[in-house]
Amino acid sequence: MTLLEERPSSTLSTGSRCVDEDIDGMRFRVHRDAMTSEDVFREEIEKIFAHSWLYVGHESEIPEPGDYVRRPVAGRPIFMVRGAKSGRVNVFHNTCTHRGAVVCRRDKGNSKVFQCFYHAWTFDSEGKLVGVPGKDAYDDQLDMDALGLGRVAKVESYRGFVFCSFDPDIVDLTTYLAGAREYLDLVVDAMDGDVQIVPGTNEYGMQANWKLLVENSIDGYHAASTHDTYFKYLVSLGTDLSIGVKGHTKDLGNGHAVLEYLAPWGRPIARWEPIFGEEAKPEIDALRQRLVDKHGPERAGRMCDVNRNMLIYPNLIINDIMAVTVRTFMPTSPTSMTVTAWEAAPGDELPEVRQRRLDSFLTFLGPGGFATPDDIEALESCQQGFASGGIEWNDISRGMNREPEATDEEQMRAFWRRWAEQMDGGR
Amino acid sequence: MTVIEDSALAEVTRPAVEDLLYLEAELLDDWELDTWLTLYTDDAHYEIPCTDDPGGTGQTSLMLIHDNRMRMASRVERLNSRKAHREYPHSNLRHLVTNVRLLGVEDGELRVRASFLVNRCRAGRETTYTGRFDYRLVLQSGELRIKHKRVTLDMTVLRPASDVAVIL
Ligand code: FES
Ligand SMILES: [Fe+2]
């Protein structure tokens, strides 16, 4: 049966056409057009990426006045700089107001001014135009105030995580984050509020639709099958796997979702496992005790023992697992994406603990880890499978019959429902 | 002891070093990873800093790879299994190692620098890694062994290579 026979596309907008939820029949399907169509990709840029809060970076990356980082957000070159006068985080479109050249040409650094090399117009770290060579040619009519750098329409930060939106009318960030706030708080509070982004960025990519990485980043179902070699590695270090991957998944509102679970690996905050070495045990136990004293046993238990794979809609992942990764990604076509991932850690961590955290991250995560390459392979494999045709729908119904468990797919359905709503024109 | 080893190390010639590096390249190309491991000392390290942080170390930075000998062995075991999906089936690899220079003996280790180009062909796709190898070599029972290998990539981002699932 073809899509046209089943659902006349002329009468349905993209969201309803591609996402099919039948609650009574306990069936949730996503049409593979959502992963392959050029039209859907173009629509996503307009309807989703132009109307969401998008992660820019972390305030710890620019602690001093004039510190800046440059990076694309939703494929647009922007830069984030701490204003030398105001001390606040400015996020600018990276384009000269004269005739367009990018004004910030390094990935990071510190500068009081940003001079466009083309004709040497100069802007300060608050975006103000402060220098124009040969001003007499404008007869003093040049409106310097109006020619400052373009600010991205909305910029807000939540506990150090800086987001921007190209939509001036979007709801405030706190409202937008909805139920995800509580989970961000757990990550930040476990680090005593002192979250830092570690130097070094994983900048990679894959030949797969970006929404496959949304699904994969919060997918507990694939862990045992896809990451067999990682679990074998843990066993070789003396880790007891009998604890399994147990927990639940949750819709956090506005498309955000979380997978919360117990898993066999160790956590630098604060669950000791052989991977950290005997000598680390007292430290990690002491860290746990401090959190218990401060937050009580229940909340501290969530911080220390429970893993969180969290999606902040549409394209930010914060996974608090054997280390903490902050990962964002952007489609470059229906079948390809770029991925940028960082590692977060508490600022005042002891060097030995930091070292173990860094190693712990690498065993699983990143393009050279023991797990991430296999995720890349899985997602590219799905994308190749879509090209085969013959099958039109992906099935995402797991766990519709029960309170969703860690290996269920409710967290993905939360994403897809919001995706469908926005693709149908909802803001 | 150190004095003797130092002077022996100082006498190691470039052809001898090149032999070791070319042997390593061949073993990696042939996926003879267990033998590859034997070229390394028991306290060896193999590391690749991130593309945006070429000076990064595993003590303070997020790296792409930061393996001690134990993790090197785990990496090999993983790649030898049929469950390292990104590398099953294995890529066709070609390690080209060139511009080999001996930089002298320091702390009982012979410093060697080389340029490399690694071609990786798999499933109709071809990607290239290029950059610099920095080795620290030692003599073990008269044999030249690798104590440290650091791979600094020239690529500014890991695209289109997308991962470093293979050993460079
Ligand atoms: S384009 Fe920037 S000064 Fe002309
Ligand atoms: Fe995975």
Side-chain angles (χ1 to χ4, degrees), chain A residues 69 71 107-108 197-208 225-234 236-237 275 323 325 332 336-345 351-352 354-355 357-359 361-363 365-381 384, chain B residues 45-68 70-91 120 122-125 127 129 151-153 155-168:
Chain A
V69 290
R71 57 186 55 139
D107 286 337
K108 57 183 172 237
I197 296 294
V198 173
T201 313
N202 285 170
E203 295 175 275
Y204 58 110
M206 60 189 99
Q207 302 299 313
S225 45
T226 301
H227 299 311
D228 183 71
T229 63
Y230 178 71
F231 289 104
K232 286 228 169 69
Y233 168 70
L234 291 183
S236 75
L237 295 171
I275 191 169
T325 184
T332 47
S336 61
M337 76 179 103
T338 58
V339 186
T340 309
W342 298 270
E343 179 168 5
E352 312 85 75
R354 172 63 58 89
Q355 164 83 77
R357 172 190 290 281
L358 291 168
D359 285 344
F361 184 104
L362 289 187
T363 55
L365 292 162
F370 290 175
T372 296
D374 297 335
D375 285 316
I376 297 174
E377 183 72 0
L379 307 195
E380 291 192 349
S381 181
Q384 287 157 19
Chain B
H45 279 87
Y46 163 60
E47 61 184 27
I48 309 181
C50 285
T51 46
D52 71 330
D53 186 28
T57 73
Q59 283 69 50
T60 50
S61 285
L62 170 63
M63 306 278 278
L64 285 166
I65 290 177
H66 181 247
D67 282 358
N68 56 17
M70 197 258 304
R71 282 193 295 275
M72 288 170 73
S74 302
R75 186 174 295 280
V76 165
E77 194 182 335
R78 186 182 121 74
L79 288 168
N80 282 342
S81 80
R82 294 171 163 228
K83 298 273 183 79
H85 311 289
R86 189 56 165 173
E87 274 304 322
Y88 183 74
H90 287 151
S91 299
R120 179 188 188 191
R122 183 172 184 264
R125 213 194 293 170
T127 52
Y129 303 84
V151 182
T152 310
L153 297 168
M155 299 104 86
T156 53
V157 291
L158 207 52
R159 307 169 191 125
S162 92
D163 63 75
V164 272
V166 296
I167 297 175
L168 293 180

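Each chain gets a letter, A, B and so on, in the order its sequence line appears, and its residues count up from 1.
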Peer 1: Between A/Y233 and chain B, which part of the residue has a heavy atom less than 4.5 Å away: side chain, backbone, both or neither?
Peer 2: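 The side chain, not the backbone.
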Peer 1: Heavy-atom cut-off 4.5 Å, strictly under: side chain, backbone, both or neither for A/T226 against chain B?
Peer 2: both
Peer 1: Report which part of A/I376 has an atom under 4.5 Å of a heavy atom belonging to chain B: side chain, backbone, both, or neither.
Peer 2: both
Peer 1: Please look at A/A378 and chain B and tell me whether the side chain, the backbone, both or neither of the residue comes under 4.5 angstrom of a heavy atom of that chain.
Peer 2: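 Neither; nothing under 4.5 Å.
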Peer 1: Return the option, out of B/R86, B/H85, B/R125, B/M70, with the maximum number of heavy-atom pairs under 4.5 Å with chain A.
Peer 2: B/R86
Peer 1: Would you compute the distance between atom CD of A/E343 and atom CG of A/L362 and round it to the nearest 0.5 angstrom?
Peer 2: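 Answer rounded to 0.5 Å: 7.0 Å.
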Peer 1: Could you give the distance from OG1 (B/T57) to CE (B/M63), rounded to the nearest 0.5 Å?
Peer 2: 6.5 Å
Peer 1: Between A/N202, A/D107, A/D359, A/V198, which has the largest tally of heavy atom pairs under 4.5 Å with chain B?
Peer 2: A/D359
Peer 1: Heavy-atom distance under 4.5 Å to chain B: side chain of A/L237, backbone, both or neither?
Peer 2: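 For A/L237, the contact with chain B is made by the side chain alone.
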Peer 1: Where on A/E380 is there a heavy atom nearer than 4.5 Å to chain B: the side chain, the backbone, both, or neither?
Peer 2: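 Side chain only.
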Peer 1: Sort out for me which of B/M155, B/K83, B/E87, B/E77 touches chain A most, counting heavy-atom pairs under 4.5 Å.
Peer 2: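 Looking at each option in turn, the highest pair count goes to B/K83.
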Peer 1: Answer yes if the side chains of B/R159 and A/T332 hold a donor-acceptor pair under 3.5 Å, and no otherwise.
Peer 2: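 There is no such pair (donor and acceptor under 3.5 Å, judged by atom type) between the side chains of B/R159 and A/T332.
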Peer 1: In terms of heavy-atom proximity below 4.5 Å to chain A, should B/D163 be classed as side chain, backbone, both, or neither?
Peer 2: both
Peer 1: Using a 4.5 angstrom heavy-atom cutoff, name the option from B/N68, B/D53, B/L62 with the most pairs to chain A.
Peer 2: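 Of the options given, most contacts go to B/L62.
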Peer 1: Could you tell me whether B/D52 and A/R71 have a side-chain N and a carboxylate O separated by less than 4.0 Å?
Peer 2: no
Peer 1: With only heavy atoms counted, which part of A/T338 is less than 4.5 Å from chain B, the side chain, the backbone, both or neither?
Peer 2: both
